[in-house]
Structures are given as structure tokens and as C-alpha cells.
Amino acid sequence: MQWIIIGLFSLSAILFLLSFFQKDSNKEIESQVENMSIQMMQEIYYLKKKIKVLEEEFLMDSHKLSEQEIAATASKALTRDDVLSLYEEGYTIAHIADMTNSHIDDIEEMMAN
């Protein structure tokens, strides 16, 4: 009986010592997940920067409506929406009338309707 207890005790001591040298697969997986999350965060940051640049470019392009383009749209058929969009962009009624070769009263009438 003593030999069995001593054998089991020595076997448990050997297994205990082996557990220190055994690779921990959880640490390896944890490291991989951490590296992937860092990579994803970097990619998200890069994409957000890229989206911000594209939005700024789009806004600048939409605000750079040249007077020639405005005059070209005015020559087709000036609509109330065109006048309102120009007014919302910050142009005065007098400036809109000059750009579209229209009379100030016509512009004011379009905006009133």
C-alpha cells in the first residue's frame, strides 16, 4: 500500500513539473487574437482617415460650383430648386441674379413660391 501511495505521489510530482514546460495553447491563440485586433484597429483607423479625406474633397468639389456652370444651368431653365440651392450656399439674391442673367425680382419671386 505504501508503494502505491509513494508511486502516485511521485507521478503527481512529475506531472506537476511537466506542466511548467508544456506549451500553453491558450496563450498562443490569445496572442494571435491580440495581433489580429491590433491589425483591424489599424485598418479601421486608416479607412476612417481615407473617408475623411474623400469627404473633404467631395465637399470642396461641390462648393466649387463655378459661375460658368451656374450660368450654363441658368441658360437651360432656371428652377426654384437651383435658386434655393445657390441661396443656401451663401450667395446673395443680387449675386444669383447677376450669375443667372435674371432680374432680382424674378429671383425673389422664385424664392417666394
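Atoms considered below: every heavy atom in the structure, side chains included; atoms not considered: hydrogens, waters and symmetry mates. Worth saying up front: this structure is predicted, and the values here are computed from it rather than measured.
The CD1 atom of Ile96 sits 5.0 Å away from atom CG of Leu86, with the distance rounded to the nearest 0.5 Å. Atom NE2 of residue His103 and atom CD of residue Glu109 lie 11.5 Å apart, to the nearest 0.5 angstrom. With rounding to the nearest 0.5 angstrom, the CE atom of Met40 is 9.0 Å from the CG atom of Leu47. Taking CG of Asp98 as the start and OG1 of Thr92 as the end, the distance is 8.0 Å to the nearest 0.5 Å. Rounding to the nearest 0.5 Å gives a distance of 12.0 Å between OG of Ser31 and CE of Met36.
Closest of all the heavy-atom pairs between Arg80 and Met111 is NH2-O, 3.7 Å. The two residues Ile93 and Tyr87 come nearest to each other via the heavy atoms CG1-CE1, 4.0 Å.
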Just distance, no hydrogens or angles: give the donor-acceptor pairs under 3.5 Å from side chains in residues 7-14, sequence neighbours left out.
residue	atom	partner	partner atom	Å
Ser10	OG	Ile6	O	3.0
Ser10	OG	Gly7	O	2.9
Ser12	OG	Leu8	O	3.4
Ser12	OG	Phe9	O	2.7

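Each ring-ring contact (aromatic ring centres under 6.0 Å, His included) pair with one or both residues in residues 18-40, not counting sequence neighbours, appears once here: Phe16-Phe20.
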